[in-house]
Engineer: 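Dropping a structure here in structure tokens format, bear with me for questions.
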Amino acid sequence: MPEGDAVHRTARRLHDAFAGAQLTHTDFRVPALATADLTGRCVVAVIARGKHILTRIDDGHTVHSHLRMDGAWQVLAPLAASRLTKPHEIRAVLATADVVAVGRRVHDVAIVRTTDEDTLVGHLGPDLLGSDWDEEEAVRRLRAAPDVAIGEALLDQRNLAGLGTIYRAETLYVSGVHPWTPVGDVPRLDELVRRAQRLMAAGRDAGRPPTSYVYARAPRPCTRCGTPVRKAMQGAPPYDRITYWCPHCQPERSAAP
Ligand SMILES: [Zn+2]
């Protein structure tokens with residue numbers, strides 16, 4: 001599952017390859033865009049907003065895509081792109097004379113007016129890796145629902161955008177906070193949010209999460225205290241996602257599952 005760090009890396013790679021370049025071919029393999037053609041247009045910029053990727057075109061439109069659980073954008077040389085396998089996975093193709101971007105299993109492919117991007121991403125909280133990052137605003141949004149478990153609240157992209165299950169687990173571990181602690185009972189919520197931002201920024205720059213204390217480690221022993229790491233689903237189905245924690249390093253403050 002790509003989290004904000006991977007989405008931002010993808011957007012940066014697309015931006016470096018496409019910004020300022022003229023599109024020589026486009027292909028959108030979703031029914032609503034069957035006749036869309038951006039050939040001859042120039043790409044202005046590619047940016048990430050939370051887990052959304054926005055490709056801005058010089059005609060005032062934006063191509064939107066979302067990686068969700070399994071999507072990916074490949075950036076290929078034209079020769080490699082001519083030998084693509086698994087064509088049924090391809091949802092979008094953007095090509096210049098020098099480079100081809102292939103969106104595999106990307107979701108919610110849409111073209112909107114750039115001035116209407118907010119209809120797709122306006123609900124998102126501050127982006128941990130965005131130029132709009134605003135720690136105080138993220139804390140304010142989290143605190144607005146003090147009874148929600150912090151593990152659930154951190155994945156709600158309306159509070160802050162970009163976190164997924166890896167950074168949630170690692171942030172809560174390094175903060176010593178049990179995932180089911182109500183937001184209102186989390187001590188130093190501002191520091192917890194700051195740690196999440198720093199972990200994710202480090203992960204973006206390194207190409208992988210900088211820590212692996214608990215994520216996917218259950219039932220192996222905690223590296224700090226030796227207690228077996230636990231895991232459980234958190235959140236209301238079908239949006240429940242797996243959480244990992246050390247019951248010793250992240251003591252329970254209230255009702256756990
Ligand atoms: Zn521990």
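Every number for a ligand or one of its atoms is a count from 1 in the order of the listing. Owing to the predicted nature of the structure, the values given are computational and were not obtained by experimental measurement.
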Engineer: Run the salt-bridge test on Asp132 and Arg49 with the 4.0 Å N-O cut-off and return the result as yes or no.
Structural biologist: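 Yes, Asp132 and Arg49 are salt-bridged.
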Engineer: Using ring centroids (six-membered ring only for Trp), state whether His66 and His107 fall under 6.0 Å.
Structural biologist: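 Ring centres of His66 and His107 not closer than 6.0 Å.
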Engineer: Taking Val63 as the fixed residue, which of Ile57, Thr26, Ile53, Val112 is the one that meets the side-chain contact (heavy atoms from CB on, under 4.5 Å) rule?
Structural biologist: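 Exactly one pass, corresponding to Ile57.
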Engineer: Tell me which donor-acceptor pairs under 3.5 Å the side chains of residues 74-86 have, and how far apart each pair is, sequence neighbours excluded?
Structural biologist:
unit_1	atom_1	unit_2	atom_2	d
Gln74	OE1	Arg104	NE	2.7
Ser82	OG	Leu79	O	2.5

Engineer: Okay, side chain of Gln22, backbone of Gly40: is any donor-acceptor separation there less than 3.5 Å?
Structural biologist: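 Yes; judged by distance alone, with no hydrogens or angles, the pair exists.
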Engineer: Could you grab the protein N, O or S atoms closer than 2.8 Å to the Zn ion (ligand 1) for me?
Structural biologist: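 As for protein N, O or S atoms lying under 2.8 Å from the Zn ion (ligand 1), they are Cys222 SG, Cys225 SG, Cys246 SG, Cys249 SG.
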Engineer: Are more than 12 heavy atoms from other residues, nucleotides or ligands located less than 6.0 Å from atom NE2 of His248?
Structural biologist: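 Count not over threshold, so no.
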